[in-house]
Amino acid sequence: MAKPKKQPRPKAITPKGFCDYFGQEVTQRTEMLRAIADVYHRYGFDALESSAVETVEALGKFLPDVDRPNEGVFAWQEVDENDKGDWMALRYDLTAPLARVYAQHRNDLPTPYRRYAMGPVWRNEKPGPGRYRQFYQCDADTVGTASMAADAEICAMLSDTLETVGIPRGDYLVRVNNRKVLNGVLEAMGLGDDVAARDNVLRTIDKFDKVGEAGVRELLTKGRLDASGAFIDGVGLSDDQAEPVIAFLTSKATDTAGTLANLQAAVGDSKIGADGIAELEQIGALLAAGDYGADRIEIDPSVVRGLGYYTGPVYEAELTFEIFDEKGRKRQFGSVAGGGRYDDLVKRFTGQEVPATGISIGVDRLLAALREKGRISAQATGPVVVTVMDRDRMADYQAMVAELRNAGIRAEVYLGNPKNFGNQLKYADKRNSPIAVIEGGDEKAGGIVQIKDLILGAKIAESATLEEWKERPSQFEVPRGDLVAKVREILDSQD
């Protein structure tokens, strides 16, 4: 009789493109999101938590022309009694669910509807360094008003948010552009309704950050050699046709009035271009009235990311301080948030155009920026650890922990094998605990406890002389009734 085949053990590995987050990282993200939510709430936005799963139909803009619509999203088909059913998918972003929610509940929601949402999104894309298939987004949107006051408010709120979480003024800039101005430029180029040519121009403009003015000019006309020496075909425009694009991308002046004048020259007689410039002028005036100067928010036509998606104003928050890349080269940190006006998204559900505008913050990038600025400690503080000297007196130790917790102090009893006291202190060290509490039989009989300042002890062990060590003891003997007060005193001294 053949032996039954032994089932192999499953491999304990994280799926490709995904990541596990432990206590410190989760706590840091939670605290940052709470601070952001406070700003959004202060501006009058309401929280919305929508389903992580949507029908693929609702996420329709991501559907490829294939039998199984899973390109870019994690999708599966529900099966009914006829072996057919709806295609479902994990949400790709937080904007498409908002469009569905607003279309579904619009009769019950106020107009305008102001909501914020925070949570993970999933993209079925090739992962890479720092690029995961699951990541957090933090969005705020206003649906149901075409007023530029909504766009100005989003920019102001983004500025306030960055400063609230710890990015000081001078280390960031919110930059604003407008898709309508670009449409005016396309009209000035004489492309008319040539969709293919317009798309080629949009794709070329999107490379402005990488190749600069000269590179865009070459790509719009005859083509160019890339860094590897390969030749990239150009769009084939004449120099005269390309000139409005270059004028648009380089129109930023020393002040808003100068920038708007340069944009006017770039769009020529285009009405939609003039409308876009007028919207930028309104946004600038509203921000100035709220005392948001060019040191925080500025009109900048070089913002081109997302212009293919948005229908009006677009915004991008860029962190301007320098960091070192993996090769030791200085570079700016870059963008941590983007957004704009998208007046066509709800129309897919209702058939009617519903104006909307919003912003999305890249949570992981903003957390990385805060770590770079030293606004988040590299190591989170752990709980106070009450050690166990006598396992038969666990109730006494639990009473200590209860007192500390009731006083608002994070604390725990050591629950491992208490036989080796050194292991208890090693555990406290691994938890980055600030304090260990010790009460053996002698301390119990004397009505005292020993309180060990682990942070100070580590500092003394690193650099103190024997004399300094004697003068700065890191372990204190206090009456049992003073436990909470002494722990609080030590914790306050460590801050």
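Just so you know, residue 1 is the first one in the sequence shown, and it goes up from there. These values consider heavy atoms only, across backbone and side chains, with no hydrogens, waters or symmetry-generated copies. Nothing here was measured: the structure is a model prediction, and the numbers come from that model.
For the 3.5 Å distance criterion, the side chains of D141 and Y342 qualify, holding a donor opposite an acceptor. Between the side chains of S433 and Y427, no donor-acceptor pair of N or O atoms lies under 3.5 Å. For the residue pair Y315/T357, the side-chain donor-acceptor check at 3.5 Å is satisfied. Donor-acceptor pairing under 3.5 Å is recorded for the side chains of S302 and R175. Under the 3.5 Å distance criterion, with hydrogens and angles disregarded, no donor-acceptor pair is assigned to the side chains of D364 and Y132. Neither side chain, Q28 nor Y21, offers a donor N or O lying under 3.5 Å from an acceptor on the other. Side-chain contact of Y40 with D139: a donor-acceptor pair under 3.5 Å is absent, judged by distance alone. At a cut-off of 3.5 Å, with distance as the only test, no side-chain donor of N177 or E316 sits close to an acceptor on the other residue.
At a threshold of 4.5 Å between non-hydrogen side-chain atoms, the residues I205 and V201 count as touching. The shortest distance between side-chain heavy atoms of L98 and Y113 falls below 4.5 Å. Taking 4.5 Å as the limit, every side-chain heavy atom of C19 sits out of range of all side-chain heavy atoms of Q134. The shortest side-chain heavy-atom distance between P313 and I283 falls under the 4.5 Å cut-off. Residues Y292 and V174 are not in side-chain contact: their nearest non-hydrogen atoms beyond the backbone lie 4.5 Å or more apart. When side chains are defined from C-beta on, F18 counts as touching W122, because their heavy atoms get closer than 4.5 Å. For the pair I490 and P434, the minimum side-chain heavy-atom distance is 4.5 Å or more. Between L202 and R179, the closest side-chain pair of non-hydrogen atoms falls below 4.5 Å.
At distances below 3.5 Å, at least one donor-acceptor pair connects side-chain atoms of E25 with backbone N or O atoms of F22. In this structure, the side chain of T142 does not engage the main chain of R114 through any donor-acceptor pair within 3.5 Å. Between the R106 side chain and the A103 main chain, a donor and an acceptor come within less than 3.5 Å of each other. One N or O on the side chain of R488 and one on the backbone of A407 form a donor-acceptor pair closer than 3.5 Å. The main-chain N or O of L425 is never found under 3.5 Å from a side-chain atom of D429 such that the two would form a donor-acceptor pair. No donor-acceptor pair closer than 3.5 Å links the side chain of D344 to the backbone N or O of K347. The backbone N or O of E163 sits nowhere less than 3.5 Å from a side-chain atom of R169 that would complete a donor-acceptor pair. Looking only at distances, no side-chain donor or acceptor of S474 sits under 3.5 Å from a matching main-chain atom of I455.
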Notebook entry, point to check: How far apart are the C-alpha atoms of V101 and F349, what are their side-chain angles, what is the distance that settles it, and do they pass the side-chain contact (heavy atoms from CB on, under 4.5 Å) test?
Noted result: CA-CA 10 Å; V101 167; F349 297 94; over 6 Å; no

Checklist line | Test log, rule side-chain contact (heavy atoms from CB on, under 4.5 Å), inputs D38 and H41 | finding: CA-CA 5 Å; D38 286 344; H41 195 260; 5.6 Å; no

Check: After noting the C-alpha distance and the side-chain angles of D300 and T259, does the key distance pass the side-chain contact (heavy atoms from CB on, under 4.5 Å) rule?
Finding: CA-CA 8 Å; D300 187 350; T259 299; over 6 Å; no

Checklist line | Stepwise salt bridge (Lys or Arg N to Asp or Glu O under 4.0 Å) test for E54 and R91 | finding: CA-CA 6 Å; E54 296 281 343; R91 63 190 180 201; over 6 Å; no

Next item on the list: Check the pair V211, V216 against side-chain contact (heavy atoms from CB on, under 4.5 Å), reporting the backbone distance first and the verdict last.
Entry: CA-CA 6 Å; V211 302; V216 168; 3.9 Å; yes

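For M118 against C138, the heavy-atom pair with the smallest separation is CE-SG, 3.5 Å. Here the closest non-hydrogen pair linking M400 and V437 is SD-CG1, 4.0 Å. When all heavy atoms are compared, the tightest approach of A369 to L319 is CB-CD1, 3.2 Å. Closest of all the heavy-atom pairs between Q137 and L94 is OE1-N, 3.5 Å. Residues V304 and P301 come closest through the heavy atom pair CG1-O, 4.1 Å. Minimum interatomic distance between A117 and L48 (heavy atoms only, all atoms of both residues): CB-O, 3.5 Å.
For the salt bridge (charged side-chain N to carboxylate O under 4.0 Å, His left out) test, residues two or more places apart in sequence or in another chain that qualify with E403 are R480. Residues meeting the salt bridge (charged side-chain N to carboxylate O under 4.0 Å, His left out) test with R133, sequence neighbours left out: none. Residues passing the salt bridge (charged side-chain N to carboxylate O under 4.0 Å, His left out) test with D171, sequence neighbours excluded: K373.
A side chain to side chain contact (heavy atoms under 4.5 Å, CB included) with I36 is found for one member of V165, L158, V363, T164 and no other, namely V165. Across N178, D343, N183, a single residue satisfies side chain to side chain contact (heavy atoms under 4.5 Å, CB included) together with T311, and that is D343.
One distance of note links CG of L249 with NZ of K252; it measures 14.0 Å at 0.5 Å rounding. Here CZ of F321 is found 6.0 Å from CD of E372. Values are rounded to the nearest 0.5 Å. In this structure, the separation between CG on L219 and NZ on K210 is 11.5 Å, given to the nearest 0.5 Å. Here the straight-line distance linking atom OG1 of T320 with atom OH of Y172 works out to 10.0 Å at 0.5 Å rounding. Distance CG/L59 to CE/M88: 10.0 Å, rounded to 0.5 Å. Here the CD atom belonging to E57 is positioned 8.0 Å from the CZ atom belonging to R348, to the nearest 0.5 angstrom.
Taking 4.0 Å as the cut-off between side-chain N and carboxylate O, D453 and K486 do not count as a salt-bridged pair.
In this structure, N420 places its CG atom where more than 12 heavy-atom neighbours from other residues, nucleotides or ligands lie under 6.0 Å away.
Annotation: cation-pi pair R341/Y310 absent, no NZ/CZ under 6.0 Å from the ring centroid and within 45° of its normal.
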